[in-house]
Amino acid sequence: DAGVTQSPTHLIKTRGQQVTLRCSPKSGHDTVSWYQQALGQGPQFIFQYYEEEERQRGNFPDRFSGHQFPNYSSELNVNALLLGDSALYLCASSPMGLHSYEQYFGPGTRLTVT
Amino acid sequence: AQSVTQPDIHITVSEGASLELRCNYSYGATPYLFWYVQSPGQGLQLLLKYFSGDTLVQGIKGFEAEFKRSQSSFNLRKPSVHWSDAAEYFCAVGAREYGNKLVFGAGTILRVKS
């Protein structure tokens with residue numbers, strides 16, 4: 001049973017560019033959440049997708065957007081990259097309902113903005 | 001607003017010694033509580049979870065945690081630490097009134113000395 005997968009593993013971008021990160025959820029899960037983990041900090045919630053819609057959003061600017069596809073996979077897009085966007089981006093999947101809180105994380109994408 | 005506090009940034013224990021990592025949360029209602037472990041450069045692995053019922057929960061790798069509502073705490077314990085337990089540990093909390101997101105503490109780095 002494959003767990004949560006993310007691509008790419010690492011990414012280096014220049015300030016002002018745009019980036020797309022990808023996530024495939026664990027088998028049987030239909031909800032995907034994205035988190036940003038800056039160096040030395042705990043993960044911060046960006047947003048959550050269910051049924052191809054954004055269901056909840058954290059305190060992140062509109063430069064951060066996402067998408068969920070019919071097969072439940074998801075993308076995170078960040079426009080107009082800033083140096084402060086450098087972080088580990090984690091995708092988590094979960095089933096809907098009470099156990100949507102039981103989130104399983106992928107290995108993350110390390111984004112470096114120069 | 002919801003918050004999670006892990007008072008200890010670093011903890012060092014000897015191999016074979018017992019371990020307790022502290023977690024305190026600030027919520028108005030019944031929280032859903034989790035402990036995750038993260039090895040360097042990796043994603044988060046779920047160690048254990050609490051939704052309801054018995055306040056002492058068992059997890060993987062010999063870890064356990066106890067929910068104490070009166071103290072708003074969910075401390076992680078292990079009777080005998082192994083060198084492979086060296087990692088960063090995160091406490092996370094969810095609650096219905098805040099949607100499906102998890103709020104994480106800043107983490108505790110565990111070092112194991114032989």
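Naming convention: chains lettered A, B, ... in sequence-line order (proteins, then strands); numbering from 1 in each chain. Note that these values count all heavy atoms, side chains included, but never hydrogens, waters or copies made by symmetry.
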Report, as yes or no, whether the 6.0 Å neighbourhood of atom [atom1] on [X] holds more than 12 heavy atoms from other residues, nucleotides or ligands.
X       : atom1 : answer
A/Leu39 : CG    : no
A/Asn71 : CG    : yes
B/Leu56 : CG    : yes
A/Ile12 : CD1   : no
A/Arg15 : CZ    : no
A/Tyr72 : OH    : no

* Asked: Is it the case that B/Asn100 and A/Gln56 place a side-chain donor and acceptor less than 3.5 Å from each other?
  -> no

Side chains of [X] and [Y], heavy atoms from C-beta outward: is any pair under 4.5 Å?
X        : Y        : answer
A/Leu88  : B/Gln38  : yes
B/Phe104 : A/Phe45  : no
B/Leu46  : A/Tyr104 : yes

* Flag, side chain of A/Glu102 to backbone of B/Lys49, donor-acceptor distance under 3.5 Å -> no

* Got a donor-acceptor contact below 3.5 angstrom from the B/Tyr36 side chain to the A/Phe105 backbone? -> no

* **Qualifying residue for ring-ring contact (aromatic ring centres under 6.0 Å, His included) with A/Tyr101, from B/Tyr98, B/Tyr50, B/Tyr32, B/Phe51** => B/Tyr32

* For the student: nearest non-hydrogen atoms of B/Leu44 and A/Pro43, plus distance -> CD1-CG, 3.7 Å

* Structure fact -> In terms of heavy-atom pairs under 4.5 Å with chain B, the winner among A/Gln41, A/Gln6, A/Gln48 is A/Gln48

* To do: Could you tell me which of A/Ser33, A/Gly108, A/Pro107 has the largest number of non-hydrogen atom pairs under 4.5 Å with chain B?
  => A/Pro107

* To do: For B/Arg77, enumerate each residue passing the side chain to side chain donor-acceptor pair (under 3.5 Å) test, keeping only those at least two apart in sequence or located in another chain.
  => B/Glu64, B/Glu66

Are [X] and [Y] joined in one hydrophobic group, where the rule is that I, L, V, M, F, W and Y side chains link up if heavy atoms are under 4.5 Å apart?
X       : Y       : result
B/Phe74 : B/Leu76 : yes
A/Trp34 : A/Leu11 : yes
A/Tyr49 : A/Phe64 : yes
B/Ile11 : B/Leu47 : yes
B/Tyr89 : B/Phe67 : yes

* **Region of A/Phe47 in contact with chain B, defined by heavy-atom distances below 4.5 Å** => neither

* Side chain, backbone, both or neither: which part of A/Gln37 has a heavy atom under 4.5 Å from chain B? -> side chain

* Structure fact -> Under 4.5 Å to a heavy atom of chain A? For B/Ala95 that would be backbone

* **Verdict with supporting geometry, A/Tyr35 and B/Leu102, side chain to side chain contact (heavy atoms under 4.5 Å, CB included)** => CA-CA 9 Å; A/Tyr35 291 80; B/Leu102 294 181; 3.5 Å; yes

* How would you list, in number order, the residues of residues 105-114 of chain B that have a heavy atom less than 4.5 Å from chain A? -> B/Gly105, B/Ala106

